[in-house]
Amino acid sequence: MKLFNSLSMKKEEFEPLEAGKVKMYACGPTVYNLIHVGNARPIIVFDALRRYMEYRGYDVTFVQNFTDVDDKIISRANQEGATSAEIAEKYIAEYQTDAEGLGVRPATIHPKATENIGPIIEIIKTLIDKGLAYASNGDVYFSTSSFDGYGKLSHQSTEDMLAGARVAVGDIKRSPVDFALWKASKPGEPKWDSPWGEGRPGWHIECSAMSSRYLGKTIDIHCGGKDLTFPHHENEIAQSEGASGEPFVRYWLHNGFISIDNRKMSKSLGNFFTVRDAAEAYGYENIRMFMLMSHYRSPLNYSCEILQQAQSALDRIKTARSNLKFIADNGDGDAIKDSERAFVDGLPSYRARYIQALDDDFNTADAISVIFELVRDGNAMTAAAKKPSKALASAILSMLEELADVLGLFYADDDASGDSLADEVEGLIEARQAARKAKDFAEADRIRDQLKDMGIVLEDTPQGVKWKKA
RNA sequence: GGCGACAUAGCCAAGUGGUAAGGCAAGGCUCUGCAAAAGCCUCAUUCCCCAGUUCAAAUCUGGGUGUCGCCUCCA
């Protein structure tokens, strides 16, 4: 499999440090409000990547942290008259609601910054001992000029950063490019004891600490949004490699942004839609479909129209699945017919092309087009077969479900057969069939309308009457 | 100012040297008692513009134009 590595700016063949195992770290949310659609992109895309790697036989350990101590959480807490811990707890729960809705599986481990203060302090001590960090006024800063590779991920030299720096030089930091590892706490803020006085960790250091604690000094994949490249990920490299003396990450993966009217969706611009609101309007699974329909590194514009397109597209696949299920239950005979043989034998070629697409820098857009081809060809085959066998439909269905499950496209099961209305619906369908047989179409249509009012839609198929909720 | 992306149909979106995937929308047809679902057909002589390299370019090179992002919290 090839992956585009932000460090080398090239597609590279993926080889994990340890054969058969993948260690993956994603920077998780700072929990001070609901996540927006832009935040959802890495969450969905890298969940799908994790599923794919497991599908390909890797044993994946996936760590995603919660940043639960931070300026924004503190200010939110002050606004709401709550503690930071209460705010963090509330929005972790909200995050989990959205993640689950989006079909995102929980990470192997979800560590919290506040549960890792000890390891954080240890790394900071090591960095000071090595001359890469300095304490100043109760704060501790990383000395970027002391670390050789600083800038290698964002491909910028420290001189260029200094030239463009918009941060004023203060008395406390030796260089404007230096960043905080530890911040002295102000009155009323969450605080922990440390060799430098009471304080709290800076944002960047927590990821270095948690990554090495749960995954080791060198990990395979570190992923996140493109905007984290600098300074966050650059700083993580400086901290982790500075402390351990070993390479930190083998493959850096960064997703492109979601924009609105060609502007990046962001909290600071205020032009965002929360996942919660978008899901209410269009459904969680269509948001997932929308994200996976294009390549993860491409910029992606968000609009109502595009979400509706994603919904129509996903509906096509879901309808095909439901039609295949119906034939698999009601088809003509259990055995594959001679006329169906060649098609069934050809099914693995869809899987092969699907894998080929995903092996090329996780090209989900191309992969999904293979699903659509399977849908189209499968539909055509069952239609052309006149009396398709149960076995034909099952074979197509199982390939379709296998491929869709790799990316987690089918997680909301809308099978209505177990519904409490089922008996009543079946009775009405029988009555309508009797009327149709008697050519009493007025009565048949009346019953169909009655069912429609109940939210039930009928389809007359060669295999019998199929019904679903509208 | 430094660094980096992107530009393909009405909309979305693959495609990095061999003659434009796929989805949505639209129109026509077939099937159907009528629907629904499905299938078939139509829908970019052309990939922002201009040069160049090549037997061959959406793809490579050079130059433009436009849009966006990072350099400050940000997925």
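Note on naming: letters A, B, ... go to the chains in the order of the sequence lines (proteins, then strands), and numbering restarts at 1 for each one.
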Kindly indicate whether the side chain of [X] and the base of [N] share any N or O donor-acceptor pair separated by less than 3.5 Å?
X	N	value
A:Gln309	B:rG23	yes
A:Asp261	B:rC68	no
A:Asp366	B:rG15	no
A:Lys264	B:rC68	no
A:Arg448	B:rC34	yes
A:Lys72	B:rC73	yes

Length of the line joining A:Asn271:CG and B:rC74:P, which is rounded to integer Å
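Rounded to whole Å, this separation is 17 Å.
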(Q) Whole angstroms only, please: what is the CG-P distance between A:Asn262 and B:rG69? (A)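 Going from CG in A:Asn262 over to P in B:rG69 covers 8 Å.
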Separation of the [atom1] atoms in [N] and [M], to the nearest angstrom:
N	M	atom1	result
B:rC50	B:rA57	C1'	15 Å
B:rC74	B:rA38	C1'	47 Å
B:rG23	B:rA13	C1'	8 Å
B:rU67	B:rC31	C1'	48 Å
B:rC43	B:rA21	C1'	16 Å
B:rC71	B:rG15	P	28 Å
B:rU8	B:rA58	C1'	7 Å
B:rG27	B:rG69	P	37 Å

Are side-chain N/O atoms of A:Lys72 and A:Asn33 paired as donor and acceptor at under 3.5 Å?
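No, no side-chain donor-acceptor pair sits under 3.5 Å.
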task: Compute whether any side-chain donor of one residue and acceptor of the other, for A:Asn235 and A:Tyr150, lie under 3.5 angstrom apart.
output: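 Short answer, yes.
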Looking across every strand, which nucleic acid part, if any, lies under 4.0 Å from [X] by heavy atom: base, sugar-phosphate, or nothing?
X	answer
A:Ser312	sugar-phosphate
A:Ser154	sugar-phosphate
A:Asn301	nothing

Among A:Val37, A:Leu407, A:Thr364, exactly one meets side chain to side chain contact (heavy atoms under 4.5 Å, CB included) together with A:Met291. Which residue is that?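 Among A:Val37, A:Leu407, A:Thr364, the one meeting side chain to side chain contact (heavy atoms under 4.5 Å, CB included) with A:Met291 is A:Val37.
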Q) For A:Arg316 and A:Arg436, take the nucleotide of RNA chain B holding the closest heavy atom to each; which residue's nucleotide lies nearer the 5' end? A)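 Nearer the 5' end of the strand: A:Arg316.
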With nearest nucleotide decided by heavy atoms, which residue, A:Ser294 or A:Leu228, maps closer to the 5′ end of RNA chain B?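 Per heavy-atom nearest nucleotide, the more 5' residue is A:Ser294.
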Using purine N1 to pyrimidine N3 plus N6-O4 or O6-N4 for Watson-Crick, or N1-O2 and O6-N3 for G-U wobble, each under 3.5 Å, what pairs with [N]?
N	value
B:rA38	B:rU30
B:rA56	none
B:rG22	B:rC12
B:rC6	B:rG66

Review point. Are any of the side-chain heavy atoms of A:Thr461 and A:Ile327 separated by less than 4.5 Å?
Key: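 No, every pair of side-chain atoms sits at 4.5 Å or beyond.
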_Derivation and outcome, side chain to side chain donor-acceptor pair (under 3.5 Å), residues A:Arg353 and A:Gln356_ = CA-CA 5 Å; A:Arg353 285 193 294 137; A:Gln356 193 175 31; over 6 Å; no
- Evaluate whether the aromatic ring of A:Phe372 and the six-membered ring of the B:rG22 base sit under 5.5 Å apart, centre to centre, with an inclination under 30°.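 Base of B:rG22: not stacked against A:Phe372.
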* Over 12 foreign heavy atoms within 6.0 Å of CD, A:Glu430 ->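 No, because the 6.0 Å sphere around CD of A:Glu430 holds 12 heavy atoms or fewer from other groups.
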